[in-house]
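Reckoned from all heavy atoms, side chains included, excluding hydrogens, waters and symmetry mates. We number each residue from 1, following the sequence as shown.
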Amino acid sequence: MLYRMIAVMAASLMLTSCFLSPGKFESEMVVNKSGDFTFTYKGEIWVLGLSSLMGIGQAASEADFTAECFDNDSGEERACTLEEAEEQLANKKAEDAETAKAFKALLGGLDPNDPQTIDMFIARVERQKGWNSLVHKGEGIFDVDFSLTAPLSHDFQFPIIEKVASFTPFVSMIVRKDNKVRVSAPGFAQDDSSNSLAGLGALAGTGAPADGGIPKFVTPNGTFTIRTDGAILTNNTEEGATIAGDGQKQLVWIITSAAKEPPQALISLD
């Protein structure tokens, strides 16, 4: 039952695009009136092994599979013949194989349990601008050093990973026509789209055998800071803006697994 519940939750994560999570990290967004920004992220990114989780659930489901057959005339359930049972099990295995392919495709072919795909994934990501280093620490946890400075001429989000399907960004910045910038960090909050992720973590810690193949579960633990010489119009910090050492205004959020509301700020560059 445990593994089947994990498979169902993993399928839910596929639909909500919630399969990357921050671990321990420090992140900062600097927005300058001169017309540029600098974003940094140093710390962990955890990639949930969706295909592995589904494999666990599918193996358990196939081991307990029971064929169902019904009488054509009465519609009542009847005992299946051996051929009918074998055909139904074969169909189920074929469906499971297609589902596993879809899960692997979401992560651009990455399987955190396969060193070869990890090496390919790292090489592909490090070709992207801003990714200074990406080191796999094991169990789908990557140590990341990212920094990017660019003009405020376009929207921005982090992370963007080539060949990986769309997912909830950790941080996004929207550049408005009226010389205002909105910064938000949906990936730093455990909102409704993270319920399945939290549920998987809870299940993994209750009743699962040590050798069951269930991966380590990582929760956010870090600090997100916004600094600017612009005017902070709105924000949802607990303490409001302070003055940083360089004289810029500063907003700081402490990010934990208990955070429910994503950091948000609206900044005017006039």
Side-chain angles (χ1 to χ4, degrees), residues 18-33 36-48 125 128 130-150 152 155-161 167-175 181-195 197-198 201 216-267 269:
C18 182
F19 43 81
L20 270 70
S21 173
K24 295 179 181 179
F25 72 94
E26 297 289 332
S27 182
E28 182 179 70
M29 173 72 80
V30 181
V31 180
N32 297 313
K33 292 174 66 175
D36 61 32
F37 74 94
T38 297
F39 176 79
T40 60
Y41 183 98
K42 294 186 178 181
E44 296 174 336
I45 291 180
W46 175 51
V47 181
L48 174 60
V125 172
Q128 295 180 224
W131 294 85
N132 301 317
S133 70
L134 185 68
V135 178
H136 188 232
K137 299 166 63 176
E139 300 183 275
I141 303 170
F142 292 84
D143 195 40
V144 173
D145 181 349
F146 180 95
S147 61
L148 179 69
T149 298
L152 282 167
D155 300 338
F156 168 82
Q157 73 177 39
F158 174 84
I160 295 177
I161 300 176
F167 53 87
T168 302
F170 295 2
V171 176
S172 69
M173 180 182 68
I174 303 298
V175 181
V181 174
R182 176 172 291 282
V183 180
S184 61
F188 291 162
Q190 300 296 292
D191 60 12
D192 291 340
S193 67
S194 303
N195 286 343
L197 188 61
K216 179 179 180 180
F217 283 77
V218 175
T219 55
N221 180 10
T223 303
F224 179 54
T225 302
I226 295 176
R227 289 194 296 113
T228 184
D229 57 357
I232 298 174
L233 303 180
T234 64
N235 74 92
N236 63 347
T237 59
E238 291 290 336
E239 304 298 332
T242 60
I243 302 301
D246 59 0
Q248 289 191 320
K249 304 173 192 70
Q250 176 174 275
L251 301 168
V252 179
W253 291 264
I254 304 300
I255 308 300
T256 69
S257 59
K260 301 299 181 184
E261 186 177 3
Q264 297 186 53
L266 179 63
I267 300 167
L269 302 179

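Here the closest non-hydrogen pair linking Leu251 and Gly240 is CD2-C, 3.9 Å. Here the closest heavy-atom approach between residue Ala244 and residue Arg227 is recorded as CB-CD, 3.9 Å. Here the shortest heavy-atom pairing between Gln248 and Val30 reads OE1-CG1, 3.8 Å. For the residue pair Asn32 and Leu152, the shortest heavy atom distance occurs at O-CD1, 3.6 Å. Contact detail for Glu44 and Asp143: the closest heavy-atom pair is N-OD1, 4.5 Å. The minimum heavy-atom distance linking Ile232 with Ala241 is given by the pair CD1-CB, 3.9 Å.
Checked options Asn236, Thr223, Asn235; the residue passing with Trp253 is Asn236 (criterion: side-chain hydrogen bond (donor to acceptor under 3.5 Å, both in side chains)). Among the candidates Tyr41, Phe25, Phe158, Phe170, the single residue satisfying the ring pair (Phe, Tyr, Trp, His ring centres under 6.0 Å) test with Phe146 is Phe158.
Distance CD1/Ile255 to CG/Asn221: 10.0 Å, rounded to 0.5 Å. To the nearest 0.5 angstrom, Leu269 atom CG is 8.0 Å from Asp229 atom CG. We find the CG-CZ distance between Asp155 and Arg182 to be 12.5 Å, quoted to the nearest 0.5 Å. Taken from NZ in Lys33 to CD1 in Ile267, the straight-line distance is 12.0 Å, to the nearest 0.5 Å. Interatomic distance, CD of Glu26 versus OG1 of Thr225, reported as 7.0 Å (0.5 Å rounding). The CD1 atom of Ile160 sits 9.5 Å away from atom CH2 of Trp131, with the distance rounded to the nearest 0.5 Å.
In this structure, Lys249 contributes its side chain and Ala231 its backbone to no donor-acceptor pair below 3.5 Å. Using modelled atom types, one side-chain atom of Thr256 and one backbone atom of Ala258 make a donor-acceptor pair closer than 3.5 Å.
For Phe156, the ring-ring contact (aromatic ring centres under 6.0 Å, His included) partners at least two apart in sequence or on another chain are Phe37, Phe39.
Counting heavy atoms from C-beta outward, Trp46 and Thr219 have side chains that stay 4.5 Å or more apart.
Counted by atom type alone, Ser147 and Thr40 present zero donor-acceptor pairs between their side chains at under 3.5 Å.
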